[in-house]
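For reference, the structure is listed below as structure tokens.
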Amino acid sequence: MRGRNKSLNSPSPLPFMGYDFRAVELKWQERWEREKRHEAEPDERKKFFITVAWPYPSGPMHVGHARTYTFPDVIARYKRLMGYNVLFPMGWHLTGSPIVGAVNRLKSGEEKFLGIAKNVYGMSDEDLGSINDPMDYARYFIDQSPMGYKKGMRSLGLSIDWSKEFTSITPSYSREVEWQYRKFLEKRLVTTGSHPVKFCPHDNNPVTDHDLLEGEGVDIQEFFVIEYEVDGEDLFLPAATLRPETIFGVTNLWLKRDEDYVVADVEGKKWLLSREAVRNISYQKSVKPLEERNSGALEGKKAINPITRERVPIICADFVQTDVATGVVGSVPAHAPYDLVALKGSIPPRQVIEVAGYSDIPAKDLVAQMGIRDESEREKLDEATRKLYRDERARGTMIVNYGDFYGKSVEWAQKEIKKELTAIGRGDVVYEFTKKPVICRCGTECVVKLVSDQWFIRYSDEEWKKTVRQWLASMDLVPPETRNYFSNVIDWLRDWPFTRLVGMGTKVPWAKDWIIESLSDSTIYMSYYTIADVMREAKMEVDDDFFDYVFLSKDNRWKGNETAERAKKAFSYWYPLDYRVSASELIPNHLTFMIFHHTALFPEEYWPRGIISLGLVILEGRMMHSSSGIIYPVAQSVEDFGADATRFYLLYSVEPWQNFDWRASEAKVIGRQLQHFCDLAREIIDSISSGEEMEKDHMDLWLLGSLGKRMAAYLDSMENFRTRSALQMAFYEMMNDYRWYVRRGGDDPRTLKEFLERWIVMLYPFTPHLCDELWEMLRAKVPELDERIECYPEAPPVKEGDLEAEEYLINLFDDIKAALQALPIEPKALYLYCIPGEERAIDSAFLKNELSCDVFVQPLNKVTHDPKGRAKRAKKGKPAIYVEGGDGSE
RNA sequence: GCGGGGGUAGCCAAGCAUGGUCAAAGGCGCAGGCUUGAGGGGCCUGUUGCGAAGGCAUCCGUGGGUUCAAAUCCCUCCCCCCGCACCA
């Protein structure tokens, strides 16, 4: 020990001081803003453009959101350190109906919602009174509420370029959306059609799962309807089925016993429908009820199978469910357990499908196997039905002599028979929920409605998919596991209905009654960030030509226009998007749509380069839900622990793409650790004095060498977005190195200054306020440092030689501790026998001090004391150890 | 059901794509000691079991297998999470 600076020898004589994190954070936030530190303009530097899914401000910003936005901020700050010109913008997504819905609920005084607004969202009566329309509500959660997004983002110290801010309903942005869809229309990438949706007749609106009281997650199923003509009457029995291929095995038709059915005109034909079916189907087809007719009146009559022309009897039964599909069912006893049981052998089953493992009457096998006695055992019958369908569909073969059907698969037959029936005008389709009831919040039972004139984006287009697949292959996807996921999504993606009747948003340019729904208007909005400030300043009306010129360089009248030129310059500088950051649950829609849309609209040089998918955040083990009040608001975390501690905590426990469990107790610990770090840094800064030039000794070289290694690992992690691992290097490993250095007597102010300089820089992306503060303090002592921390110092080179000897000692020290641990004696003297030459690495003074006993180092060629003959165990790099107890013996 | 991702010591989690250097990093928590103006600070030590020695035994959801050698490769089973569309 050279004792140049006593205060640095452990333990610290200074009292615990800490710092006022809120004061420091506010100071720097204010300064960054005043200096417009994060506003980015095109220049000659290499650029880095990163965006994150824009928030939908329908409630408070909680720590889950904080993580989503802090991660890209850390990356943005890191890239600035690396010399990039970084654009990290933010906007607001207002499209859609939830905000509209929230305002309606407030206005109608819905109690539950008002309670949440007051207690969870922290809204005062005054706040509530000031909200009259959806924009008021959105504004409230964007920048008025203390729990709002903009305040939250600012208080976290996010380095967002607010000059590029806009919303999804900003008029000039809407122009871009219109441009995009007109392009799609031109390219025939949109199409019109009809589409089944969950619908509430009372509200006269489509409903989402979120709007439901009961029936969440229920799907819509397509039933195929086979029309059987009633013999001798102008009436059809529309038997609804999921298995039209079994039509060859139909032995009879079922109606519910003693039930009043309705004869109705359905698009020009007379159908017999249950009363429930009349209501349901009237939302899918034009249905005019004509008269009632009891099922008993039809019993015994015959109906004509449209394919086989066979006449089969109409039979009534109790198991028929009138609220499912049409309320009319075909009976296939060989392949449907229900039918088999209900017929009780009165009509012989007819096999039409053969499956390995089953007899010639498959339904019979299952009924016997499961011990089903009669049709009242619904649960068992349902299970048998499901199992049989699964097996037959997977492995069954058709054994009917009809057309090409013999020997064909069930799947093929199903498609084929649908085609045939439709062709001869005896096939139709009705939609039904997979499970009932489905009940709207208003209490009304929902129906399946067929929306016509719906517009679709043709994601099913094979050419388009091919382009997207190819581009995907060249993209950087983080984490790599998402590649498979994307690739599957592209395969399964169907046409997407992109028009809505309600909510905020941009109108479909050629169908002004419709609005472009929220996922579909946010596919290329990153491009607008690049020109948002130019557009706002210009305040001018733009048209399709404008975007053609700016985005596609089409030669037109905008050429030479100042605004257009500025926009074009900015766009071509910043685009393409380097990384898109989003939640992994958006892979099946938004993120994939983004790739589709870019490839369809822009030249390849502007297609997005990378996607980072984040994991979700849970709160103390539970899912966060604004609507249920299970949230931890950002505002609170910043107040409780500070912005830096919040940021640090959000990124340290798991990598960004893993799920994260927020625990306030841990966030608190981080706050303490930062306080400690601050103390330590100040101590080092205090110790810096000018004019002192000392030769670096072994420990100094070790500390700087190790720093080089840590920094290399840090850079590698950051380049791959492994922020957790980077933080572990930047904070904990650095801390450990520092401790060891001090413990080993290291105390050179110059070495420590160098060490601290890099330490601050490494931590800067994570805890920018504290780091800027420390940097400022450091500069007061070391004026030659750059004012901006962003001009980071290079890592010192790693010379393995500087590290080797110390590693040797560390290993030896560990071995000694392990050995001592198993010994129940007080060590008095420690003998170390090493390969000659290695003794140079053994700091016996240090060991003596640490172990409080005498230490004798004896190279193998100079062993003088070895009563137990341990010296022979010495190996290269691993000295032999002999411990002598207090009484001199062992 | 379909598709994707996981199960590692009290907790969070690293490692597994290139088997051995893995009793298995780091953090948290917990325990003990030190800091000779007593407790939310710091430093040190420990945290599967055994052990008068740096070792041995057992261990990485379950049960098998491959191998001189498996947390790491192959198979069986069990369990958990996330998407599945008109919703931001």
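Only this structure's heavy atoms are used, side chains among them; waters, hydrogens and symmetry mates stay out. A note on names: the letters A, B, ... follow the listed sequences, proteins ahead of strands, and every chain is numbered from 1. Remember, predicted model here, so these are calculated numbers, not experimental data.
- Put simply, R743(A) has no side-chain N or O that comes within less than 4.0 Å of OP1 or OP2 on C43(B).
- Separation of the P atoms belonging to A52(B) and U8(B) is 34 Å when rounded to the nearest angstrom.
- Here G51(B) presents its C1' atom at 15 Å from CG of L820(A), a figure rounded to the nearest Å.
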Stepwise side chain to side chain contact (heavy atoms under 4.5 Å, CB included) test for F813(A) and K817(A): CA-CA 6 Å; F813(A) 191 49; K817(A) 279 189 291 192; 3.8 Å; yes
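- At the heavy-atom level, D219(A) lies under 4.0 Å from the strands shown only through sugar-phosphate atoms.
- The residue K878(A) sits close to a base: some heavy atom pair falls under 4.0 Å.
- Within 4.0 Å (heavy atoms only), V207(A) reaches sugar-phosphate atoms of the nucleic acid but no base atom.
- Across all strands shown, R724(A) has heavy atoms under 4.0 Å from base atoms, whether or not it also approaches the sugar-phosphate.
- Within the 4.0 angstrom heavy-atom criterion, no nucleotide atom of any strand lies near A53(A).
- At the heavy-atom level, I587(A) lies nowhere under 4.0 Å from the strands shown.
- Nucleic acid contact for P879(A): base, since at least one base atom lies under 4.0 Å from a heavy atom of the residue.
- Residue-level contact check: K668(A) touches the bases, meaning some heavy atom is under 4.0 Å from a base atom.
- Counting to the nearest Å, the C1' atom of A53(B) and the CG atom of L823(A) are 4 Å from each other.
- Under the Watson-Crick or G-U wobble criterion, with both distances below 3.5 Å, G49(B) is paired with C56(B).
- Looking at heavy-atom distances under 4.0 Å, S97(A) makes contact with sugar-phosphate atoms alone, never a base.
- Within the nucleic acid shown, R739(A) comes within 4.0 Å of sugar-phosphate atoms alone, with no base atom in reach, counting heavy atoms only.
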